[in-house]
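Since the structure comes first, as structure tokens, the remarks are kept for the end.
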Amino acid sequence: MTKRLNLLMVLVVIGLVAVSGCSDTQANGTVTEDAGASIAKTTYVIGTEPYFPPFEYADENNSGAIIGFDVDLIKAIAEDQGFSVEWKSLDFDALIPALQSGQIDIIVSGMTITDEREQSVDFSEPYINAGLALAVAENNDQIKSVDDIQGKVAAVQQGSTGAAKADEFKAQGLIEDVIYLPHVNDIIMNIQSGRADFTINDLPVTLAYMNEQPGVIKIVDDQLQSESYGFAVREGNTELREMINAGLANVKENGTYDEIMDKYF
Ligand code: ARG
């Protein structure tokens, strides 16, 4: 009798494990038990280049935890849709390859939705509008607008839409050279040292930098190109994309989106 009962219990346990395994559909393989809750949550790995305030950056008051508009927004979406997230920091131009190879599940990195990227990833609905701005050193009085960049050198973030714009200018024979750098801080250093004359970067990020470090750079064109950001998932990962879209619609409707907006802008 006891033996049969034991066998029964073993079978029940095996059944439970099998069922919880099934809920781990698209993610990187981890199903975490939420503290206190008894429901297993799927964990998705998020890839980001976290030196991009106000969208994703280190919180200096909290041992470098990643904070920002994008971070709060995806956390709110995850909470709404009942999944957990884990963070992985990568260079911006490494994000799409990492998504394709399955190292990460979602790109949350101020990524602009472009036709070219649509060829290799699937984007959520747009979650914010941004655009490209042209900035120069504060003491530069030669470049007053995009009309004055002939023969000049651009410093841009590698793999970004700002870099693509600079490439266009170079292909047109308009500018002398393009320096590709991994992080915004490297770009600023190149402008300060005079190796580069200008940068093309996302307007909100340039504005945030100017706010933090006044007197270093200034914007001479704030409407080079308008863009929208989206969260990217692997091509064909419709389930995750639909969850993100549903969560985004919900947090817009329940006021959370506006709260996050007010916090960072
Ligand atoms: N929006 C631009 C792009 O998609 C730049 C994004 C850079 N993001 C970052 N976290 N470094 O190309």
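Order of listing sets the numbers, starting from 1, for every ligand and every atom in it. All residue numbers refer to positions in the sequence shown, counting from 1.
Neither side chain, Tyr51 nor Asp186, offers a donor N or O lying under 3.5 Å from an acceptor on the other. Asp70 and Tyr229 are not linked by any side-chain donor-acceptor pair at a separation below 3.5 angstrom, with hydrogens and angles left out of the test. For the 3.5 Å distance criterion, the side chains of Thr161 and Gln225 fail to qualify, holding no donor opposite an acceptor.
Taking a cut-off of under 4.0 Å to the non-hydrogen atoms of Thr161, the atoms of ligand 1 that pass are 2 (C), 3 (C), 12 (O). Near Met111, with a cut-off below 4.0 Å to any heavy atom, the atoms of ligand 1 are 4 (O). Of all atoms in ligand 1, listed by their number and element, those nearer than 4.0 Å to a heavy atom of Tyr229 are 1 (N).
Atom CG in Leu224 sits 10.5 Å away from atom CG in Leu203 (nearest 0.5 Å). In this structure, CG on Leu207 lies 10.5 Å from CG on Asn201, to the nearest 0.5 angstrom.
The closest approach between His183 and ligand 1 stays at or above 4.0 Å for every heavy atom of the residue.
The part of Asp202 lying near ligand 1 is the side chain, judged by heavy-atom distances below 4.0 Å. Within the 4.0 Å heavy-atom criterion, neither part of Tyr51 lies near ligand 1. Contacts between Lys165 and ligand 1, counted as non-hydrogen atom pairs separated by less than 4.0 Å, are absent for every part of the residue.
Residue Gly110 has at least one nitrogen or oxygen atom sitting less than 3.5 Å from a nitrogen or oxygen atom of ligand 1, judged on distance alone. Checked against a 3.5 angstrom limit, the closest N/O atoms of Ser160 and ligand 1 fall outside it. Checked against a 3.5 angstrom limit, the closest N/O atoms of Ser109 and ligand 1 fall inside it.
The aromatic rings of Tyr127 and Phe231 sit parallel to each other, their planes meeting at less than 30°, with 60° as the upper class boundary. Ring geometry, Phe69 versus Tyr264: the interplanar angle exceeds 60°, so the pair is classed perpendicular (tilted spans 30 to 60°).
Under the 4.5 Å side-chain heavy-atom criterion for grouping Ile, Leu, Val, Met, Phe, Trp and Tyr, Ile106 is connected to Ile128 within one hydrophobic cluster.
Proximity annotation for atom 4 (O) of ligand 1: of Glu56, Arg117, Glu49, Arg117 comes nearest, heavy atoms only.
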